[in-house]
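What follows is a single structure, written as structure tokens, with notes after it.
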Amino acid sequence: MGIDAIKTETLDLGIDVSLLNGKHEEKKGLPPLPGLDGVKVPTFRLAPFPSGPLHIGNARMVILNDEYAKLTNGKLILCFDDTIGTTKKKLDAGASGAKFILPEAYDMIREGLEWLGVEWDEEVYKSDRLEIYNDYCQKLIEQDNAYTCTCTPADFKKFKDGKQPCPHRQLRVSESLEGWRKMIDGEYGEGDAVIRLKTGMDLDDPALRDPVIMRISWAPHPRIGNVNKVWPMLEFSWAIDDHLLGITHIIRGKDLLKEDYIERFIWDIFKWKHSEIMHHGLLSLGFKLSKTRAREKVKAGEYSGWSDPRIWSMQSLEKRGIQPEAIRKTLVDMGISMTDVDFPYKILYAENQKIIDKESDRFFFVEDPVMMEILGIPKEEYIAKPLVNPLVPTKGYREIPIKIQDGSKEIFVSRGDFKTLKSDFRGKMIRLKDLINVILDSTRDERLFARYLSDDLESARNKKAKIIHWVDTDPKNHVKVSIMMADGALIQGFGEKNLLSCEEGQLVQFERFCFAKIQSVNESEIRAFFTH
RNA sequence: GCCUUGUUAGUGUAGCGCGGCCCAGCAUGAAAGGCUCUCACCCUUUUGACACGGGUUCAAAUCCCGUACAAGGCACCA
């Protein structure tokens, strides 16, 4: 028996033919998680800064953690990293690029996580844990592992660059504690003093020399109000919380690589067990993804809102008709590579199409319409009957009736087709899909002139006629359609009348144009978002 | 300037800890053909990569050194 015969047989039996082709679907998924020895409950954490909704880059971190939590039957903690770092002075001045908490972001983030199918077991706010950081900071000072420094940033930089200790490094513990008290009590103002960790001023890496772990901000906190004057730096708060919350595995972007050193340094001081730390590379989309940047563009009115497709927020992807499963698949396939990458959105689209193709009903749509006049049509009425979805024939046919007056008819074709028709198809047969065959006579200005040839598909097939889409020019028989593209541009055209039966949120395919998600439907206009 | 990561086909990734089974796998894209009243889907075929230069070795994508390029840190941002 030949291989083909086997294939046919096995097909009938419903056996996966791909096995015979040697195309074993490679076992997909993440590599095994390291550092599981002696771990009872692998525990992971999501640590979003609530400055805006999750974007695709945040989603990488989120999905990686969630996948591993699910894979290992572990626990996932959502910990809002909502400490305040920026001073009140800076915020009041509206400094550009300043990071701050957006109160709505907490919900937008939860919404994005739920949409992604992330299941977290516990929710924690850093802003509820301020006393804990204060306590541990105090301990570090008492142990002489940290000190109060009142250098200006510029002065400290000089010491740092020269690998020299600043004068405050030699302070007695009691003096540092007194400074610490002044910070807490508000006797020191913003910028007057910080607490530095004694990692060493002679470290090779200047970024690691006696880093700040606590500083002053008098800015009110959107959640807890104005109760606190000192705030921990991210790496310090995490050094404490990763231990206290029992995080066994830290998966974060490689922008946080330097934090590893500081966290481990502190873990060693307190003789805490080290968590396993892993990093993934950062995503870009031809531009740097940033919640803060997005927020500024939304505020400036440059973007239409948090669901503007250019932000690549979960909200915007949902609106576009991207399926969360497709995002998860794409991100998981990328693994935890440390390489920074251009987000492979084409792979995302391919994965998404696999999911939505069968459920997306087909419709005729012509972008930027150009008129075609057809003469010599023998009948007075036609009814085009295209399949609702060729992948699901059981869905049946839709109907597009056309009325002909005095043997002539005007229809719209897309500008794209107009251009190729104009240059390459004069005198040739063209098939108007599911309708009739015509021959293109001439073009004048922005108009095509054609003559009726025949009805049947067969003759069009024989002549290998180009098949194009069309929409009736009769306003009673079409509807205006506008599509928001991925780059924020608005595409306009006409679609077949049947579009009016669509529901909000429905996924459709505009044949030979794109998949789209219907945003709103009414007689005067259909609005949709471009999917891919 | 200092420090740290990273560099596999157009794109994304597998392989690299323990060098040979890798004349490098997969996905996506592109090209051609088939199917099809969509330039969709499906099927077939083709395409194309170990950044560069040295070294170690019988043998290197895998180890070592150097160079280039990229990203990140050197912030009282996260």
Side-chain angles (χ1 to χ4, degrees), chain A residues 23-26 28 31 34 47-51 81-87 90 97-101 149 151-153 156-157 160-161 163 183 190-196 203-209 211-217 230-231 233-235 237-238 253-261 279 281-282 284 288 290-292 329-330 333-335 337-351 353-354 357-358 360 362 364 384-387 389-391 416-417 420 431-435 437 456-458 460-461 465-469 509-515:
Chain A
K23 273 169 87 183
H24 303 256
E25 188 67 15
E26 199 174 319
K28 286 292 182 194
F49 179 58
S51 60
D81 206 346
D82 59 345
T83 56
I84 288 186
T86 314
T87 55
K90 224 183 208 173
K99 297 194 174 185
F100 60 83
I101 294 163
C149 174
C151 285
T152 63
F156 189 81
K157 184 171 166 47
K160 183 175 65 186
D161 291 345
K163 294 192 172 185
M183 287 172 69
E190 293 186 325
D192 291 347
V194 295
I195 304 297
R196 291 186 182 276
L203 259 30
D204 278 344
D205 189 342
L208 264 18
R209 293 173 197 156
V212 172
I213 55 171
M214 279 282 189
R215 55 12 180 137
I216 303 169
S217 170
V230 296
W231 293 87
M233 296 292 287
L234 169 140
E235 46 275 47
S237 65
W238 275 119
K254 80 170 194 187
D255 51 326
L256 268 12
L257 226 33
K258 284 288 183 291
E259 279 68 11
D260 298 8
Y261 181 90
H279 296 271
L282 270 19
S284 82
K288 201 175 149 186
S290 152
K291 289 194 290 249
T292 299
K329 173 88 164 53
T330 306
D333 283 355
M334 287 174 65
S337 127
M338 278 267 258
T339 323
D340 292 331
V341 297
D342 282 330
F343 179 68
Y345 62 90
K346 289 201 172 160
I347 293 179
L348 172 67
Y349 293 168
E351 294 299 340
Q353 179 158 337
K354 286 177 195 165
D357 210 355
K358 282 195 179 68
S360 302
R362 270 57 170 173
F364 285 6
K385 292 182 180 172
L387 280 161
N389 185 334
L391 299 181
D417 283 335
T420 50
R431 171 77 178 166
L432 300 176
K433 187 169 183 286
D434 298 297
L435 192 67
N437 307 318
D456 63 309
L457 173 64
E458 208 51 39
R461 278 261 170 77
K466 182 176 172 62
I467 297 173
I468 63 166
H469 289 80
Q509 187 203 70
F510 294 122
E511 293 187 31
R512 285 173 65 232
F513 189 73
C514 72
F515 286 89

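Every heavy atom of this structure was used, including side-chain atoms; hydrogens, water molecules and symmetry mates were not. Every chain is numbered from 1, with letters handed out A, B, ... down the list of sequences.
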(message) Please classify B/G17 as syn or anti, treating any glycosidic angle within 90° of 0 as syn.
(response)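 Base orientation: syn.
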Looking across every strand, which nucleic acid part, if any, lies under 4.0 Å from [X] by heavy atom: base, sugar-phosphate, or nothing?
X: A/H469; value: sugar-phosphate
X: A/K354; value: sugar-phosphate
X: A/I84; value: sugar-phosphate
X: A/T83; value: sugar-phosphate
X: A/G335; value: nothing
X: A/E458; value: nothing

(message) Under a 3.5 Å threshold, yes or no: a donor from one side chain and an acceptor from the other, between A/T292 and A/S290?
(response) no
Should [X] be listed as having a side-chain N or O under 4.0 Å from OP1 or OP2 of [N]?
X: A/K160; N: B/A75; value: yes
X: A/Q353; N: B/C41; value: yes
X: A/R215; N: B/A78; value: yes
X: A/R196; N: B/C76; value: yes

(message) Tell me if the side-chain of A/Q509 makes a donor-acceptor pair with the base of B/U38, cut-off 3.5 Å, by modelled atom types.
(response)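 Flag set: donor-acceptor pair detected.
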(message) I'd like to know if A/K433 reaches the base of B/C37 with its side chain, counting only an N/O donor and acceptor under 3.5 Å.
(response)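 Result: no qualifying N/O pair found.
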(message) Between A/R215 (side chain only) and A/V194 (backbone N and O only), is there a donor and an acceptor less than 3.5 Å apart?
(response)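 No, because the side chain of A/R215 does not come within donor-acceptor range (under 3.5 Å) of the backbone of A/V194.
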(message) Side chain of A/M334, heavy atoms from C-beta onward: which of B/U13, B/U38, B/A27 has the nearest atom to it?
(response) B/U13
